[in-house]
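Below is one structure, written out as structure tokens, with a few remarks after it.
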Amino acid sequence: MSDHPGGWRRAILSPVVPGVNLELLRATLPPGCDAGSFPAYAPGSHEYVAVETGRLQLTVGGTRLHLEAGDSAYFAADIAHGYANPSPEDACAYYVAALIMRPRSRRPT
């Protein structure tokens with residue numbers, strides 16, 4: 001579990017396995033919290049988001065999506081994206097399953 005400025009929390013739920021680019025996490029945002037923008041990942045990266053409780057404003061590129069408990073979304077994560085809780089009263093909890101592509105090291109020839 002890690003705490004971030006603004007009061008939001010993130011817990012990585014998946015094990016770290018060398019060579020596996022999948023990450024599963026659960027995040028909570030207090031009311032009115034903006035977790036900020038995350039940079040684009042390498043081409044071929046994807047994220048699946050599922051909202052457990054509250055409301056989530058997901059911004060992908062310049063497009064804002066408004067998700068509520070039970071909603072989910074998928075996007076290619078090779079563009080900047082961000083997460084915010086637009087509710088002034090309720091916390092938001094959501095899960096992210098991210099396939100983050102990383103450059104492969106070159107094998108000696």
Side-chain angles (χ1 to χ4, degrees):
M1 173 92 52
S2 58
D3 294 320
H4 299 273
W8 68 280
R9 302 179 110 187
R10 177 177 71 165
I12 297 175
L13 304 175
S14 55
V16 176
V17 179
V20 175
N21 298 336
L22 179 67
E23 181 178 274
L24 177 63
L25 64 91
R26 182 177 187 270
T28 56
L29 302 175
C33 179
D34 186 339
S37 183
F38 295 83
Y41 295 120
S45 298
H46 305 272
E47 288 194 18
Y48 298 86
V49 178
V51 180
E52 180 181 22
T53 60
R55 295 187 300 171
L56 178 67
Q57 179 179 287
L58 172 64
T59 304
V60 180
T63 303
R64 287 185 179 167
L65 302 170
H66 297 278
L67 306 174
E68 298 194 19
D71 290 343
S72 61
Y74 157 83
F75 62 96
D78 57 357
I79 58 176
H81 51 283
Y83 301 91
N85 178 359
S87 173
E89 300 167 357
D90 300 315
C92 173
Y94 61 95
Y95 292 89
V96 176
L99 175 63
I100 307 301
M101 302 308 294
R102 293 177 178 88
R104 295 183 187 267
S105 60
R106 296 184 79 182
R107 292 186 177 148
T109 56

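Just so you know, these numbers come straight off a predicted model, no measurement behind them.
In terms of hydrophobic clustering, with Ile, Leu, Val, Met, Phe, Trp and Tyr side chains grouped at heavy-atom distances under 4.5 Å, Leu56 and Phe75 are assigned to a common cluster. Note: the hydrophobic cluster containing Tyr48 does not contain Leu58 (ILVMFWY, side chain heavy atoms under 4.5 Å, direct or indirect links). Hydrophobic cluster membership is shared by Leu67 and Val96, with clusters built from Ile, Leu, Val, Met, Phe, Trp and Tyr side chains linked at under 4.5 angstrom. Follow the hydrophobic side-chain contacts under 4.5 Å out from Leu29 and you reach Leu65 in the same cluster. Side-chain heavy atoms closer than 4.5 Å link hydrophobic residues (I, L, V, M, F, W, Y) into clusters, and following such links, possibly through other members, connects Tyr94 to Val60.
Looking at Ser45, its side chain does come within 3.5 Å of a backbone N or O of Met101 through a donor-acceptor pair. At distances below 3.5 Å, not a single donor-acceptor pair connects side-chain atoms of Asn85 with backbone N or O atoms of Cys33.
Applying the side-chain hydrogen bond (donor to acceptor under 3.5 Å, both in side chains) test to pairs two or more places apart or on separate chains, those with a residue in residues 69-84 are His46-Tyr74, Glu47-His81, Glu47-Tyr83. Listed by first and then second residue, the salt bridge (Lys or Arg N to Asp or Glu O under 4.0 Å) pairs involving residues 50-61 are Arg26-Glu52 (not counting sequence neighbours). The list of salt bridge (Lys or Arg N to Asp or Glu O under 4.0 Å) pairs with a residue in residues 81-98, not counting sequence neighbours, is empty.
Distance CD1/Ile100 to CG/Asn21: 8.0 Å, rounded to 0.5 Å. Remark: Cys92 SG to Glu68 CD distance equals 10.0 Å, nearest 0.5 Å. Summarising the geometry, atom CG belonging to Leu13 is positioned 6.5 Å from atom OH belonging to Tyr95; distances are rounded to the nearest 0.5 Å.
A pairwise comparison of heavy atoms in Ala80 and Ser37 identifies CB-OG, 4.0 Å as the closest pair. The shortest non-hydrogen separation linking Ile79 to Gly61 is CD1-N, 3.6 Å.
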